[in-house]
Structures are given as C-alpha cells and as structure tokens.
Amino acid sequence: MILYPAIDLKDGQAVRLLRGEMSEATVFNDDPAAQALEFVKAGCEWLHLVDLNGAFAGEPVNAAPVEAILKACDVPAQLGGGIRDMATIERWLDKGLQRVILGTVAVENPDLVRDAAKAFPGHVAVGIDARGGKVATKGWAEETDVEVTDLARSFEDAGVAAIIYTDINRDGAMQGPNVEATAALANAVSIPVIASGGVSSMDDLIALRDCGAQLDGAISGRALYDGALDLADALKVLS
C-alpha cells in the first residue's frame, strides 16, 4: 500500500477541512511547496493534492501553489478539484502532474472520464466522495442519488488508474476511516482503490492494510500535520 500525504489547497495555503466544510478550515502551512518538500524528505513516494477552491468554482484556482509543488518535488503527484474538461486535464499533465482525479464530472459527464482515460492511459483516476453511501459532487456541496458501487462499476472497462474513495463524514474528523465501506468497494471492482477520509493513526493504517481487500493506498492529511501519525513509521508499516 502507498501512503499519500494530502495537501489541500485553499486560498494558496495548505489547510484541512472538517467533513468538507470550507468554513471549518485549519491552516497548517502558508507555503504548500515547503510542506510538500517536508513530506518528500520524510520518504513519501506520492503526493495527493486537492484544489478546494477549484472544486467549488469548477475550474483550477490554486494553480500557482500546485505548480510550485511540482517544481520543488521529485515524486509523482495526483490532483483533484475543478478539473472538468479535456483541456484542463491535458494542461496539468503537460505541467508534470502524474495523475488527475475526476470527481464531479464522473457523475455529470462520464464520457469525459472514458475519453481522458483512453487518451492518457494510467494518468486518470476517479474520485468518489460519499455521504451514507451516496455520491456527493461540486466540492461535496451537492448530494446525488448515485450509489458509490454503481458509479465505480460503471468505469470498470474505462481504463482508469484508480478510484479514490472518501467517506466525507470521516474526513478531517480524526475518527478513523470507514474500513468496512472501503473494503466492500475494493472487493466489488477490479480498479485499484485508494482509501481517504479519517486516517488518523497507525491502527487505522493497519486496519486498512488488513481489511480483507487489496487496497492500492491510503491518504492522510490532518494526522500527519498534527503529529498523530509519523510519516516515516507509517511508510514502514505499509511497505
């Protein structure tokens, strides 16, 4: 399993939200590139980036800090938030991003996901964010009637690189991930699944590692900033 340190970007700063609420943002670093470099020096193999403003705006907003991170760090990075057309996908990949994460458009324009995955094999992931098993879109602000597993299965033949599954009610709450739902999703599809939301301790990582499903990785943010999770130790547990 790969551990993905999360850098969520709001107004150019590295922040963490509580359960996806923009009003519940804690600023952890006003220099996101320096924060990314800290994670890389501690041994991470990937970075997980989110343009929070972009997720609400429907277009990239925090492009400058993302570009600074890509310039400063020599590990691959994936980015979600406000990526909703082929031109934006292509632009980010040209700038050195390893993987784009498509969330809202996976529900609203699934053909774009298919076309992008075909055009850029291995570089397109689907972000599935859910409350109570139902998918939420537009920065988690809008809830749909779409079931998580149904959406994931609809991309089985699309060639997407991964599914990033986030339980919104666990995100930033330091209450542990939804291991059961994550394992169920991973067992329901052949696409690699990355767990997100609530990973706050070594026990959480071990629970995901030993959940009975083959997970590709786990994302953690607040726990790494707060020191509840030591990145170097976590990497050893998952290696």
Side-chain angles (χ1 to χ4, degrees), residues 1-9 14 16 28-29 32-50 66 69-80 96-101 121-129 152 159-167 170-239:
M1 276 176 66
I2 296 168
L3 181 62
Y4 295 77
I7 299 178
D8 291 359
L9 300 162
R16 290 302 286 165
F28 283 103
N29 200 321
Q35 181 62 63
L37 213 45
E38 272 185 45
F39 289 145
V40 172
K41 285 175 181 172
C44 77
E45 298 169 31
W46 271 84
L47 292 167
H48 175 77
L49 314 177
V50 181
V66 172
I69 289 168
L70 294 177
K71 206 169 286 185
C73 301
D74 59 358
V75 301
Q78 59 186 21
L79 170 70
L97 197 71
Q98 182 63 25
R99 192 187 284 162
V100 295
I101 304 166
H123 297 289
V124 176
V126 171
I128 299 182
D129 308 319
V160 299
I163 288 171
I164 290 100
Y165 171 64
T166 305
D167 185 311
R170 305 292 183 104
D171 194 71
M174 299 289 283
Q175 294 173 350
N178 190 333
V179 177
E180 192 178 333
T182 305
L185 176 61
N187 284 325
V189 295
S190 61
I191 305 165
V193 171
I194 298 168
S196 175
V199 175
S200 56
S201 69
M202 203 70 83
D203 286 345
D204 292 338
L205 289 177
I206 291 167
L208 288 168
R209 185 194 68 188
D210 301 340
C211 70
Q214 189 64 47
L215 297 180
D216 185 70
I219 293 165
S220 184
R222 183 178 289 271
L224 293 173
Y225 293 108
D226 283 349
L229 193 59
D230 180 82
L231 181 54
D233 289 345
L235 291 168
K236 284 177 197 161
V237 164
L238 296 183
S239 63

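Values below: every heavy atom of this structure, side chains too, minus hydrogens, waters and symmetry copies. Fair warning: this is a prediction, and the values are worked out from it, not measured in the lab.
Side chains of Leu229 and Leu205 form a contact here, defined as non-hydrogen atoms less than 4.5 Å apart. Annotation: side chain of Phe28 is in contact with side chain of Asp226 (closest heavy-atom distance under 4.5 Å). Residues Ile101 and His48 are in side-chain contact: their nearest non-hydrogen atoms beyond the backbone lie under 4.5 Å apart. Residues Leu238 and Ile2 are not in side-chain contact: their nearest non-hydrogen atoms beyond the backbone lie 4.5 Å or more apart. Considering only heavy atoms from C-beta on, Pro32 comes within 4.5 Å of Leu9 through its side chain.
The shortest heavy-atom contact between Arg170 and Pro177 is NH1-O, 2.9 Å. In terms of heavy-atom proximity, Cys211 sits nearest to Ala183 at SG-CB, 3.8 Å. Ala77 approaches Leu49 most closely through the heavy-atom pair CB-CD1, 4.1 Å. The shortest heavy-atom contact between Gln35 and Asn29 is OE1-ND2, 3.2 Å. When all heavy atoms are compared, the tightest approach of Val179 to Ala207 is CG1-O, 3.9 Å. Counting all heavy atoms, side chain and backbone alike, Ala33 lies closest to Ile69 at CA-CG1, 3.7 Å.
With His123 contributing its side chain and Gln98 its backbone, the two residues share a donor-acceptor pair below 3.5 Å. Formation of a donor-acceptor pair under 3.5 Å by the Arg209 side chain with backbone atoms of Val237 is found in this model.
A distance of 11.5 Å separates OG1 in Thr182 from CD1 in Ile163, rounded to the nearest 0.5 Å. Rounded to the nearest 0.5 angstrom, Cys44 SG and Glu38 CD are separated by 11.0 Å. If you take CD1 on Ile128 and CG on Asp167, they are separated by 13.0 Å, rounding to the nearest 0.5 Å. Atom-to-atom distance recorded for Arg16:CZ and Ser220:OG is 7.5 Å, nearest 0.5 angstrom. Within the model, atoms CD of Gln78 and CG of Leu47 stand 9.0 Å from one another, a figure rounded to the nearest 0.5 Å. Interatomic distance, Leu208 CG to Ile219 CD1, rounded to the nearest 0.5 Å: 11.0 Å.
When Trp46, Tyr225, Tyr4 are each tested for a ring-ring contact (aromatic ring centres under 6.0 Å, His included) with Phe39, only one passes: Tyr225.
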Without placing hydrogens or testing angles, list every side-chain donor-acceptor pair under 3.5 Å for residues 195-204, not counting sequence neighbours.
| unit_1 | atom_1 | unit_2 | atom_2 | d |
| --- | --- | --- | --- | --- |
| Ser196 | OG | Thr166 | OG1 | 3.2 |
| Ser200 | OG | Gly198 | O | 3.4 |
| Ser200 | OG | Asp204 | OD2 | 2.9 |
| Ser201 | OG | Asp203 | N | 3.3 |
| Ser201 | OG | Asp204 | N | 3.2 |
| Ser201 | OG | Asp204 | OD2 | 3.4 |
| Asp204 | OD2 | Ser200 | N | 2.8 |
| Asp204 | OD2 | Ser201 | N | 3.2 |

